[in-house]
Amino acid sequence: MTNREPTILVIEDETPILHFIQTTLSGAGYRVVGAEDGKEGLAQAMAWNPDVVLLDLGLPDIDGLEVIRRLREWTSKPIIVLTARAQERDKVTALDLGADDYLTKPFGIEELLARMRVALRRTARTEAGESVFQLGELRVDLEKRQVFVAGEEIHLSPTEYKLLTVLVRHAGKVITHRQLLKEVWGPLHADDAPYLRVYMRQLRNKLEANPAQPRYLVTELGVGYRLRVD
Ligand code: CA
């Protein structure tokens, strides 16, 4: 198989934004496919099986959230949603439905390219099925269930470890409070946000050099958390 450049599908009805993204991504060496509404976007996704989908939530025909639902029926490739400030609530719903990340308009070229790299790296890592996760001084061995910071083993409680592994499995991706609560404590606890705050504080105290200004376990205000990889 030849090593082809990653294909990015951009679904965006505002032509100037679509063109800005297409120009930026082509210039960075990606193959870019554009679509101006949800129906065309879904058809292009089927035709190209893109490596990343950039999806505007406010589309003229199908709701962007519905587009995510339909894409997630058959693909697990990263979806990055593009949102306007007024769509804060939709942003969380989009992540709950399986989107990986979001960019709030207006965003710059560097931000767009950085998110793209993170999304593609996550896919590569998932596909390689790596069992050791290394990020700066943090090292998580998922097979041996060991965690190290700067070479020193850190003892975590079972719940702290579970929480960390969920973040590691989704490294780089924003995970909502609901998703984390469901994955760590189970679906009956999806709304027990205080649990999460307590355990996140403990985890930061054990893993971060400065827990008040976390380097790895960052807060996405009003949304959830992200294990930062860049
Ligand atoms: Ca729009």
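We count ligands from 1, going down the list as the structure has it; atoms in each ligand are counted the same way. Being a predicted model, the structure only gives us computed values, none of them experimental.
Within a 6.0 Å sphere centred on NZ of Lys39, heavy atoms belonging to other residues, nucleotides or ligands number 12 at most.
Ser76 places no side-chain N or O within donor-acceptor distance of the main-chain N or O of Arg72, the cut-off being under 3.5 Å. Of the possible donor and acceptor atoms, none in the side chain of Glu36 sits under 3.5 Å from a partner among the backbone N and O of Ile11.
When the side-chain contact (heavy atoms from CB on, under 4.5 Å) test is applied to Glu66, the partners found at least two apart in sequence or on another chain are Ile62, Asp63, Arg69, Arg70.
Protein N/O/S atoms closer to the Ca ion (ligand 1) than 3.0 Å number 3 in this structure.
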Taking distance alone, no hydrogens or angles, what donor-acceptor pairs closer than 3.5 Å link side-chain atoms of residues 173-186 to residues at least two apart or in another chain?
residue : atom : partner : partner atom : Å
Thr176  : OG1  : Asp96   : OD1          : 2.5
Thr176  : OG1  : Gln179  : N            : 3.2
Thr176  : OG1  : Gln179  : OE1          : 3.3
His177  : ND1  : Val223  : O            : 3.3
Arg178  : NH1  : Asp191  : OD1          : 2.7
Gln179  : OE1  : Thr176  : N            : 2.9
Gln179  : NE2  : Leu95   : O            : 3.1
Glu183  : OE1  : Arg169  : NH2          : 3.3
Glu183  : OE2  : His170  : NE2          : 3.4

Run the side-chain donor-acceptor check on residues 13-23: report pairs under 3.5 Å with partners two or more places apart or on a different chain.
residue : atom : partner : partner atom : Å
Glu14   : OE2  : Lys105  : NZ           : 3.4
Thr23   : OG1  : His19   : O            : 2.7

